[in-house]
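Below: one structure, written as structure tokens.
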Amino acid sequence: MGDSQYSFSLTTFSPSGKLVQIEHALTAVGSGQTSLGIKASNGVVIATEKKLPSILVDETSVQKIQVLTPNIGVVYSGMGPDSRVLVRKSRKQAEQYNLLYKEPIPVTQLVRETAAVMQEFTQSGGVRPFGVSLLVAGYDDKGPQLYQVDPSGSYFSWKASAMGKNTLYTFSSLYTDDMELEDAIHTAILTLKEGFEGQISGKNIEIGVIEADRTVLTAAQIEDYLQEVE
Amino acid sequence: MVGKNCFAIASDRRLGVQLQTIATDFQRIFKIHDKLFLGLSGLGSDAQTLHQRLVFRHKLYQLREERDMKPETFASLVSAMLYEKRFGPYFVQPVIAGLGEDDKPFICTMDSIGAKELAKDFVVAGTASESLYGACESMFKPDMDHEELFETISQALVSSIDRDCLSGWGGHVYIVTPTEVTERILKGRMD
């Protein structure tokens, strides 16, 4: 395929009008562990698989869902180390906004700035795109919001979205517009379960919940929800 | 000055360099958006430059966030911008007045390097500020409607600037309610 001749340099378009490196980055995302997010009427839930390379790994030391501000959380699919760089940059941008305006940053603004960072790495010399797609979930004056940001720097607002492996199991059938947060959490778990290889438990998934007044990155409570879903 | 669901912001109209009067219609109060006004006393050129910079920042904010800035946010922005120039400051003293969430009046002033002073009743700035403090303190009542507020702020302003040789040539008063903005010119001692 003629495109392969153009896959050496990120900053060169291929004849078909694509930036091949970004396509490859999306492939990296697509083979990453599943993550998903659902926007409910009163909050947002994000969840991800947490498959560790060995049972000897201390799962409490691994945290895939991260907090960006007290009311914005993020989960990723793809390369973990890349996501850490983005989380670091986003946190700094959010704090800078807060320092200037003494106000928490609106979700859209933070998503926009994070996407701008990701885009920079698709147009600079000597760098490669980030190998992650992020699901940014937050709650601000405009209510609950869920955004997906891709390696190219494009972002979309979703009512519900999944990324990574096995996303054929979508939730278009389960999702309803006025879902409550509790239902959304159950739907998230059910969807994760569909594509899960092995036995799902509180130790190999992570769930994050963002409501009007708090961001909760749950742990043992997952077990309770799992029981309910059974 | 704060009233019931409204506020008033007023200034004098003299622009001078010590004893010489350069202008008698100098605009010192600027509108940032329909519910946010900024008064800048002090050095004329710094007042104009700072106003232009703030309008610039606010316009970008409006485009990005698709909404107007809240007065509290704007005050934080002004404070940050002034402190950036901590060791070469703008020689201005801003007075910020606006209607915030649910049209609640918000006023504040700050010194030339951005130290905010919030108040629930009135804030003053300028060469006649000591006079103004006295006049406002004695004439202010809480929860005045916009008619009474206009009378009060006008009396306080005119009585103070008439006694100050560096202020004068009348007054400019803006009364802002959730539905409208009224601008009036006052006549004081024209000297």
Side-chain angles (χ1 to χ4, degrees), chain A residues 39 42 44 68-72 74 86 89-120 134 136-150 152-159 210-213, chain B residues 32-33 35-38 50-86 89-90 94-104 106-111 113-119 123:
Chain A
K39 183 167 73 170
N42 54 338
V44 194
L68 297 181
T69 74
N71 57 333
I72 304 177
V74 68
L86 285 168
K89 286 191 199 256
S90 302
R91 281 177 176 164
K92 189 167 180 186
Q93 277 159 346
E95 265 322 298
Q96 273 172 346
Y97 185 101
N98 195 14
L99 183 63
L100 183 59
Y101 296 112
K102 305 283 183 300
E103 228 185 36
I105 189 170
V107 185
T108 351
Q109 299 304 312
L110 186 57
V111 166
R112 192 178 299 196
E113 304 215 12
T114 310
V117 169
M118 290 170 92
Q119 193 279 341
E120 259 174 54
L134 300 174
V136 181
Y139 200 111
D140 63 13
D141 291 338
K142 296 203 181 95
Q145 291 169 79
L146 179 66
Y147 285 91
Q148 178 177 341
V149 195
D150 278 342
S152 58
S154 46
Y155 58 92
F156 315 92
S157 176
W158 290 92
K159 295 182 201 173
I210 292 121
E211 291 176 275
D213 51 2
Chain B
I32 305 292
H33 63 75
K35 292 185 182 174
L36 179 57
F37 280 74
L38 169 71
L50 191 62
H51 156 63
Q52 285 162 5
R53 292 220 171 128
L54 285 164
V55 164
F56 168 80
R57 297 295 292 261
H58 183 253
K59 280 187 184 169
L60 280 180
Y61 183 98
Q62 265 178 329
L63 285 169
R64 264 188 266 120
E65 306 217 8
E66 293 170 345
R67 61 183 175 123
D68 286 332
M69 239 192 237
K70 290 198 286 241
E72 296 88 348
T73 316
F74 186 73
S76 297
L77 175 63
V78 176
S79 173
M81 281 176 75
L82 289 174
Y83 196 81
E84 265 171 20
K85 301 266 187 246
R86 170 69 176 78
Y90 288 110
V95 166
I96 294 160
L99 293 173
E101 300 237 348
D102 304 321
D103 291 330
K104 188 159 177 289
F106 170 86
I107 52 171
C108 91
T109 184
M110 52 191 86
D111 67 7
I113 47 176
K116 266 190 282 190
E117 190 202 311
L118 307 170
V123 288

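In what follows, chains carry the letters A, B, and so on, assigned in the order in which the sequence lines appear, proteins first and then strands, with residues in each chain numbered from 1. No experiment lies behind these values; they were computed from the predicted model shown.
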Item to complete: Check step by step if side chain to side chain contact (heavy atoms under 4.5 Å, CB included) holds for B/Val95 and B/Ile107.
Response: CA-CA 7 Å; B/Val95 166; B/Ile107 52 171; over 6 Å; no
Between chain A and chain B, going by a 3.5 Å limit, which atoms form donor-acceptor pairs, if any?
{"from": "A/Tyr97", "atom 1": "OH", "to": "B/Glu65", "atom 2": "OE1", "distance (Å)": "3.3"}
{"from": "A/Tyr97", "atom 1": "OH", "to": "B/Glu65", "atom 2": "OE2", "distance (Å)": "2.4"}
{"from": "A/Glu103", "atom 1": "OE2", "to": "B/Lys70", "atom 2": "NZ", "distance (Å)": "3.2"}
{"from": "A/Glu103", "atom 1": "OE2", "to": "B/Thr73", "atom 2": "OG1", "distance (Å)": "2.6"}
{"from": "A/Gln109", "atom 1": "NE2", "to": "B/Arg64", "atom 2": "O", "distance (Å)": "3.0"}

[Y] and [X], any side-chain heavy atoms less than 4.5 Å apart:
X        : Y        : answer
A/Ser90  : A/Leu134 : no
B/Leu50  : B/Leu82  : yes
B/Leu118 : B/Phe106 : yes
A/Thr69  : A/Pro104 : no
A/Ile105 : A/Ile72  : yes

Worksheet item: Does any heavy atom of chain A fall under 4.5 Å from the side chain of B/Met69, the backbone, both, or neither of them?
Response: side chain
